[in-house]
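For reference, the structure discussed in these notes is given below.
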Amino acid sequence: MKESAKPVFDLASRTADMLVSMFGKRCEVAVHDFSSLKNSLVYIAGDLTGRQIGSPITDLVLNELAKKKDKVDDIPNYRTQTKNGAILKSSTIFLRDGENHVVGALCINYDISLFMQFGGEIEDFISIHSGETKEENFYSSVQDVIHGMVEQVLNGFKKSPSIMQLEEKVECVRQLEEKGAFLIKGATDYVANVLGVSKFTVYNYLQKIRTESEFQKQ
């Protein structure tokens, strides 16, 4: 954590405590420091997702960070689900330093499982922003983050990596790049192992993909 960003995280941590104190045990607020994505969780108030300090960033946040820095937007009022089946109403607010650089996130989760049983009288309260359901998975280790993202992408090909064509492997890497997977240290080695190629081959795929992307923007 940069010294200049400490006041930002101090305020975020105090806000997390205040929100949980106000909304009670069905609320969880997590503070992430993006200086180390593999153990970005630096503060958590409440306990809905079972995470501890040092847990990695979520895939949903990585997807947003993969965008150009000036395109990163807060993610309000979306639906997520814990491993034990609890339905959460969630929002992610990106934290910025004095130079407007994104340095972390304040993530609010509220368990609405019980409220959903009440039906119509609280329908407005549990409505999901713009009718869109976003996927977000909560992991306990950075390895789980990478494994989960790779599995999601590979499921779309419906075949074993061992019989995938070159074009399919490049497309797999392209999708992982778009999701922000390669922002995590060690992702390249893992993807190379899964696809049955060398890490230098994955680097070549990435170079090709990034060059094409820059060319299309011109």
Side-chain angles (χ1 to χ4, degrees), residues 1-20 27-46 48-49 51-80 88-110 128-130 132-146 148-149 152-153 173-188 206 209-210 213-214 216-217:
M1 181 188 303
K2 293 183 178 179
E3 191 69 28
S4 60
K6 284 186 176 180
V8 176
F9 288 104
D10 176 66
L11 177 59
S13 298
R14 290 189 289 116
T15 300
D17 285 333
M18 186 66 70
L19 288 170
V20 171
C27 182
E28 175 192 271
V29 184
V31 179
H32 290 273
D33 176 3
F34 293 163
S35 62
S36 178
L37 295 176
K38 68 179 182 179
N39 51 10
S40 65
L41 186 61
V42 294
Y43 193 83
I44 189 165
L48 296 179
T49 58
R51 291 173 296 171
Q52 303 293 327
I53 300 300
S55 291
I57 198 62
T58 68
D59 47 358
L60 176 64
V61 175
L62 278 175
N63 290 345
E64 193 67 23
L65 290 178
K67 299 178 181 179
K68 294 180 64 175
K69 299 307 180 184
D70 60 345
K71 299 297 184 182
V72 175
D73 290 324
D74 296 337
I75 313 171
N77 199 22
Y78 56 92
R79 170 178 167 156
T80 53
L88 308 182
K89 181 179 182 181
S90 304
S91 290
T92 294
I93 304 165
F94 289 98
L95 306 174
R96 298 176 183 271
D97 61 16
E99 298 179 350
N100 204 36
H101 296 145
V102 175
V103 295
L106 177 74
C107 303
I108 306 167
N109 299 308
Y110 194 92
I128 305 302
H129 185 69
S130 72
E132 180 180 1
T133 298
K134 295 179 180 290
E135 289 188 6
E136 181 173 27
N137 298 298
F138 301 105
Y139 300 106
S140 298
S141 72
V142 69
Q143 289 80 14
D144 288 343
V145 177
I146 300 172
M149 297 180 81
Q152 288 174 19
V153 170
V173 172
R174 184 192 310 279
Q175 291 183 30
L176 289 169
E177 167 75 350
E178 291 174 351
K179 288 178 175 292
F182 296 104
L183 294 173
I184 297 180
K185 185 177 181 180
T188 302
L206 284 170
I209 290 165
R210 290 166 180 170
S213 177
E214 287 301 316
Q216 292 172 1
K217 292 177 183 178

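Quick note: residue numbers are just sequence positions, from 1.
Residue H101 holds its NE2 atom at 9.5 Å from CZ of R96, rounded to the nearest 0.5 Å. Here the straight-line distance linking atom CG of L37 with atom CD1 of I184 works out to 6.5 Å at 0.5 Å rounding. Here the straight-line distance linking atom CG of L48 with atom OG1 of T80 works out to 9.0 Å at 0.5 Å rounding. Remark: L62 CG to L176 CG distance equals 11.0 Å, nearest 0.5 Å. To the nearest 0.5 angstrom, I53 atom CD1 is 10.0 Å from S40 atom OG. With rounding to the nearest 0.5 angstrom, the OG1 atom of T15 is 12.5 Å from the CZ atom of F9.
The heavy-atom pair separating A12 from L106 by the smallest distance is O-CD1, 3.7 Å. C27 and I108 make their closest contact through SG-CG2, 4.5 Å (heavy atoms, listed as atom of the first residue, atom of the second, distance). Across all their heavy atoms, E28 and V20 have their closest contact at CA-CG2, 4.3 Å. Annotation for H32 and C107: closest pair CD2-SG, 3.9 Å, computed over non-hydrogen atoms. Smallest separation of non-hydrogen atoms from V103 and D33: O-OD1, 3.6 Å. Looking at every heavy atom in both residues, V31 comes nearest to A16 through CG2-CB, 4.4 Å.
Side-chain atoms of F94 and D73, non-hydrogen and from C-beta on, never get closer than 4.5 Å to each other. Under the 4.5 Å side-chain criterion, counting only non-hydrogen atoms from C-beta, T92 is not in contact with E64. Side-chain contact between R210 and E177 is present, with heavy atoms from C-beta onward closer than 4.5 Å. Residues F34 and L95 fail the side-chain proximity criterion, which asks for heavy atoms closer than 4.5 Å. Between R14 and D17, every side-chain heavy-atom pair lies at or beyond the 4.5 Å cut-off.
Checking V142, I57, I146 one by one against K38, the side-chain contact (heavy atoms from CB on, under 4.5 Å) holds for a single residue, V142.
Among residues two or more places apart in sequence or in another chain, the side chain to side chain contact (heavy atoms under 4.5 Å, CB included) test is passed with N63 by M149, K179.
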(Q) As a quick check of understanding, evaluate side-chain hydrogen bond (donor to acceptor under 3.5 Å, both in side chains) for S91 and N77, giving each step before the final call. (A) CA-CA 5 Å; S91 290; N77 199 22; 5.4 Å; no

